[in-house]
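First up is the structure itself, then whatever we jot down about it.
Protein chains get the first letters and strands the later ones, always in sequence-line order, with residue 1 at the start of each. Note that the structure is a prediction, hence the values are computed from the model and not measured.
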There are 4 protein chains.
Amino acid sequence: MTTDQTPPVAGAKPLRADARRNRARLLEVAEAVFTARGTGASTEEIARHANVGIATVFRHFPTKEALLEAVLVRRLERLAEEGRRLAAETGPTDALFAFFDLVLDQSPVKNAFAAALADAGVDVRAATSEAGRALGQVLTALLDGAQRAGVVRRDLEVPELTAILVGTCRMLEHLDGHPESAKRARAVVRDGLRACTGSVEGPSPHGHSCP
Amino acid sequence: MTTDQTPPVAGAKPLRADARRNRARLLEVAEAVFTARGTGASTEEIARHANVGIATVFRHFPTKEALLEAVLVRRLERLAEEGRRLAAETGPTDALFAFFDLVLDQSPVKNAFAAALADAGVDVRAATSEAGRALGQVLTALLDGAQRAGVVRRDLEVPELTAILVGTCRMLEHLDGHPESAKRARAVVRDGLRACTGSVEGPSPHGHSCP
Amino acid sequence: MTTDQTPPVAGAKPLRADARRNRARLLEVAEAVFTARGTGASTEEIARHANVGIATVFRHFPTKEALLEAVLVRRLERLAEEGRRLAAETGPTDALFAFFDLVLDQSPVKNAFAAALADAGVDVRAATSEAGRALGQVLTALLDGAQRAGVVRRDLEVPELTAILVGTCRMLEHLDGHPESAKRARAVVRDGLRACTGSVEGPSPHGHSCP
Amino acid sequence: MTTDQTPPVAGAKPLRADARRNRARLLEVAEAVFTARGTGASTEEIARHANVGIATVFRHFPTKEALLEAVLVRRLERLAEEGRRLAAETGPTDALFAFFDLVLDQSPVKNAFAAALADAGVDVRAATSEAGRALGQVLTALLDGAQRAGVVRRDLEVPELTAILVGTCRMLEHLDGHPESAKRARAVVRDGLRACTGSVEGPSPHGHSCP
DNA sequence: GATGAATGAGCCTTCATTCAT
DNA sequence: GATGAATGAAGGCTCATTCAT
């Protein structure tokens, strides 16, 4: 699985060695800075942390938004990759939950991931949605496996699975520093995902919908 | 439901009629603008939408942050009030779920509520935390009733309840325009909240934790 | 000697009792505030300290500049008055020096007086220069007396006397908190003023010019 | 007289040619504008006079206060340098008085110098006080030489010397356009500085204190 | 006549982006 | 291809002054 960041556009000149290094370092640093300081962090700060002139940032990413997008894409790609790995290394019974835990435990990225996806939703660039599509395929596989194994309710589909993941990130972000509460909150989501039929019908909340 | 905008500070002189009108309008507009455009929206934009000079905004709220806080407090107060009403008008079996639905259905506020609580967590002003405390009491009552009625798992406490609400807002925000997925996602959370014992122990996701 | 602040313009309506009180209080407060905080102090701050609405300030003084000018005029008038008193109560040998000391010792006003005169120089309003003229007459009398008494060099005239006073204020302001240095600096000026002939000729600083 | 604008900080990279030009021009213009319009002059005005965008000002001086300080430091440094030159080129009998005349004759700087020292007193930044210290050493040398030569009263020390210089600037500023008065006023100060013993004792202004 | 809310011009500062070196 | 200086459009906030109560 190559971590090649060169955009796979045909005809794109291969970058010079230092240029490729700079681009990689920039993405690394940008992710760290945006995660730590929020999307509002200045491009200059990123350039400084990367030991690079400001103009170099703009040579690689013509716009701040483009940089944000590239960071997001990289995240999605990484997640997809880890998802694939889990699907391969773990049985279908556990893989989906393992993936959830993996995402939710990425403490520094928690917030960032949520924010990233949210922004992605707003700003659907082609590239982004391509990376999103790849992640979607992975999630499809994981979900399908779990449902076949009977550990996840059958009425679930991928869109809401993503949303649940995002929402749970937010939820845990909100419980930072309260591990007991976080543990219980995660249990709520986990149990909600488990195999049971429907309950989707009607707002009537009486009685348990998992038979 | 009083729409009384007078701040409940004891020694504060009652505002002049026009001033009170402006203050109210500003809060209204600010909530709308911040909700639509995010926290980064400019104070000038708010002033313009409120048909008011920029200085008027700063007369009422000495700082942009203060304005944000006031908007947030108003939201929390409104929610607390609606929670109280539900607790009074609805049986304990339904009240908590009704409150959830009520919050989650407030389409324009969805995003805003989440952001608000998040910001509140960061910026715990006295006023904010007071309003938050009031809401907390309401949630305590609702949760307690639901647990006594046996419709919500007994191991839940208020902190995670709030977080779950916030996270679910985010989740639905992410599913805007996909009503079917949203319905299913809500079902997941609802079922996760239902009465069952524990499941908090260990990461073992095999088998259902609701006996 | 009345401290009547009513402008002596013929045909001016006599102010209502409270209005006169407000005007007086405003001048008092304005002098204090401008002295303490500098000319940049806001009119609102002055209004607040005077327990008066902001509009009241502008009713009495149509402009911030007008208020500054009024404060300055009051200062000049007060100084002229004290100068007259000294001329009457003290012998010509001491009166001028006593006046100097009196001015220089007005600790809180030191700075203010200098600044005031400077601003006055820039902004020569009719009123200001009238008050300045009155003070000039007093100085003329004091200087004349001292020269006749032979305690001040004969080549001095009023313009430079004023300037020396202003400059000495500044000088002492700069030595605030260093009483020993201030004492010596005042001695320098005092000795420079004493009776001696000329020294005005040429820049040749060799030898003492006081024979 | 080096007009080297490079800050003498060790590890600071040498500025690019155009940057150095702009920095120098900015200092020049800022001194002129602040002198003419007072410290309240807007940074935009300075930028405009320097044919530079506003952001360029803030690139070179991160704060308006920093710009003011830089202007002040430059002044102090220039004065110290000229003082040193005078001490070297002129005999001790004349050097101090020559320095006084030099400062007092710098027409455009007159006011500025006073204001600068005053502000320096208020805002003792490290850099400022360093430049002030350098100037202090020069004054010490000049004063010492003059006292040894017997042309200045022995009881004078540097602090009051500075203050006298500042005050005299103010004095002359006040006599702008009245050269005859200015000449006489300068004579007063000069004679006050001349060799004589004490007179510091007591407020008794009778009789000449120079024996 | 007093009050204080409203106003808009202006100030300092930041930031994404372009240009000369 | 990299660098960092320059740019100007905002943004938050203040203040003298006007207007409605």
- request: Rounded off to whole Å, could you give me the NE2-to-C1' distance for the B:His60 and E:dA6 pair?
  value: 9 Å
query: Between atom CZ in B:Phe61 and atom P in E:dA5, what is the gap in whole Å?
result: 13 Å
message: Between D:Ser42 and D:Glu45 (side chain of the first, backbone of the second, donor and acceptor by atom type, cut-off under 3.5 Å), is there such a pair?
response: yes
- prompt: Roughly how far, to the nearest 0.5 Å, is CD of C:Glu44 from CD1 of C:Ile46?
  reply: 10.5 Å
statement: Sorted by position of nearest nucleotide on DNA chain E, 5' first, the leading residue of D:Arg21 and D:Thr63 is D:Thr63
message: Please tell me whether D:Thr56 and D:Arg25 have a donor and an acceptor in their side chains that are separated by less than 3.5 angstrom.
response: no
task: Looking only at side-chain atoms of A:Ala55, point me to the closest of F:dG4, E:dA5, F:dA6.
output: F:dG4
- request: Could you please name the partner base of E:dT14, counting Watson-Crick and G-U wobble pairs only when both distances are under 3.5 Å?
  value: F:dA9
task: Look only at the side chain of B:Lys64 and the backbone of B:Thr39, and say whether a donor-acceptor pair between them is shorter than 3.5 Å.
output: yes
- line: Testing E:dC12, E:dT17, F:dT18 for proximity to the side chain of C:Phe58, the answer is F:dT18
- prompt: 5'-most contact on DNA chain F: C:Ala41 or B:Lys64, nearest heavy atom basis?
  reply: B:Lys64
query: B:Glu65 has an atom CD; how far is it from atom C1' of F:dC13, in whole Å?
result: 14 Å
- request: Would you kindly give the CD1-to-P distance between D:Ile46 and F:dT7, to the nearest whole Å?
  value: 15 Å
- prompt: Of D:Val52 and C:Glu44, whose closest DNA chain F nucleotide lies nearer the 5' terminus?
  reply: D:Val52
task: Identify which nucleotide among E:dA20, E:dT3, F:dA2 has an atom closest to any side-chain atom of D:Arg16, counting heavy atoms from C-beta outward.
output: E:dA20
- prompt: How long is the line joining CG of D:Asn22 and C1' of E:dA20, in whole Å?
  reply: 12 Å
query: According to a strict under-4.0 Å criterion, is B:Thr56 in side-chain N/O contact with OP1 or OP2 of E:dT7?
result: yes
- prompt: Separation of A:Arg25 atom CZ from F:dA2 atom C1', in whole Å?
  reply: 12 Å
- request: Provide the Watson-Crick or G-U wobble partner of E:dT21, both distances under 3.5 Å; none if there is no partner.
  value: F:dA2
query: E:dG1 P sits how many Å from C:Arg23 CZ, rounded?
result: 14 Å
field: Nucleotide of F:dT3, F:dG4, F:dC19 approaching D:Arg59 most closely (side-chain heavy atoms)
entry: F:dG4
- prompt: How is B:Ala19 classified with respect to the nucleic acid when contacts are heavy atoms under 4.0 Å: base, sugar-phosphate, or nothing?
  reply: sugar-phosphate
- line: Here the pair of heavy atoms bringing C:Ala70 nearest to C:Phe61 is CB-CE2, 3.7 Å
query: Which is true for A:Thr43 with a 4.0 Å heavy-atom rule: it touches a base, it touches only sugar-phosphate, or it touches nothing?
result: base
Atom pair distance, as rounded to whole Å: CD1 in C:Ile54 and P in F:dT17: 9 Å
field: Identified side chain to side chain contact (heavy atoms under 4.5 Å, CB included) counterpart of C:Leu26 within the set C:Glu31, C:His60, C:Arg21
entry: C:His60
task: Using heavy atoms to find the nearest nucleotide of DNA chain E for B:Gly53 and A:Pro62 separately, return the residue whose nucleotide is more 5′.
output: B:Gly53
- request: Using a 4.0 Å heavy-atom cut-off across all strands, classify D:Ser42 as base, sugar-phosphate, or nothing.
  value: sugar-phosphate
